[in-house]
Amino acid sequence: MSTINCRRFPTISAANGSTPARLNGSSETPFALKMFRSFASGLRRPLTSIVAQFNASPSRASNRLSYSPSPPPRRTEDLSPPVNLALVDSEELIREILIRVGEDPNREGLRQTPARIVRSWEEIYGGYEQHAEEILVTQFCAGKYDEMVLLRDVEFYSTCEHHMLPFYGKAHIAYLPNNKIVGLSKLARLLEMHARRLQVQERLTQDVATDLQRILRPKGVAVMVEGKHQCMCCRGVHKKEGMMVTSCLLGAFKENLATRSEFLALAKN
Ligand SMILES: [Zn+2]
């Protein structure tokens with residue numbers, strides 16, 4: 001039984017009974033709902049039928065024999081009115097996904113899987129609850145130091161927003177101080193915050209750079225990210241060796257060739 005995710009990812013157990021936590025007046029948009037809508041939109045079975053099934057008899061959702069993987073497409077006029085999926089328990093949504101990929105969610109190895117997945121969301125998507133201003137709040141006087149500060153080879157793990165599959169790699173984050181500096185771990189935490197959201201690598205790179213520029217106001221910022229994307233390895237073109245490299249240069253790094261070259265040379269070493 002999981003109780004850890006009652007705030008963001010309502011579960012039956014979190015609500016002390018069969019009533020999902022969402023029913024208790026929260027106005028938050030459940031993250032599980034967004035994820036499931038995205039997943040369900042590509043499937044052929046009408047979403048409303050799942051909810052009807054849950055409401056009618058929760059045990060039916062876990063009975064594989066009751067599920068037809070390829071129902072005939074329904075005509076538009078047959079569709080039921082939209083159902084509030086916020087009322088559906090997060091773990092039930094995962095169980096439904098397991099059924100759709102061809103599994104029996106009641107077999108021993110899978111029984112705890114929905115709870116594990118929902119728990120893991122707290123970590124994997126924890127970046128939505130963090131703010132760059134809080135991470136970079138502590139700044140120190142740089143004194144006379146005005147050379148480049150570079151944090152190199154910082155590993156990250158993120159999730160591609162197109163396929164919800166992992167992409168991971170390392171980032172190099174540099175800035176040219178303008179009287180202020182921050183602890184190096186804060187640069188890593190800024191990267192972590194943006195990585196722990198659904199992302200594309202281009203935006204991850206830009207978000208880290210623009211937050212650092214906006215909050216610390218240095219003379220310039222450079223961020224380079226090298227990532228491997230599972231959506232390119234295990235599906236699609238099946239190329240596991242490809243590495244994606246993205247960069248974002250701001251201020252002095254964009255305007256000054258020597259500064260840019262120094263960053264690129266240090267990042268490659
Ligand atoms: Zn992808």
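As the structure is a prediction and not an experimental result, all values here were calculated from the model. Note that ligands are numbered from 1 as they come in the structure, with each ligand's atoms numbered from 1 the same way.
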Worksheet item: Between Leu150 and His172, what is the shortest heavy-atom contact and its length?
Response: CD1-CB, 4.2 Å
Discussion item. Minimum heavy-atom separation for Met193 and Ala132, please, with both atom names.
Written reply: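 Met193 and Ala132 have their closest heavy atoms at SD-N, 3.6 Å.
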Fill in: Arg214/Glu133 ion pair, N-O < 4.0 Å
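Between Glu133 and Arg214 there is a salt bridge, with a charged N closer than 4.0 Å to a carboxylate O.
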Fill in: Asp211 side chain reached by His194 side chain, heavy atoms, under 4.5 Å
yes
Discussion item. Just checking Glu108: does its CD atom have more than 12 heavy atoms from other residues, nucleotides or ligands closer to it than 6.0 angstrom?
Written reply: no
Discussion item. So does Ile124 get a backbone contact from the side chain of Tyr157, meaning a donor-acceptor N/O pair under 3.5 Å?
Written reply: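 No, Tyr157 side chain to Ile124 backbone: no donor-acceptor pair under 3.5 Å.
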Worksheet entry | Within-2.8 Å protein N/O/S contacts of the Zn ion (ligand 1) |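 The answer is Cys160 SG, His163 ND1, Cys231 SG.
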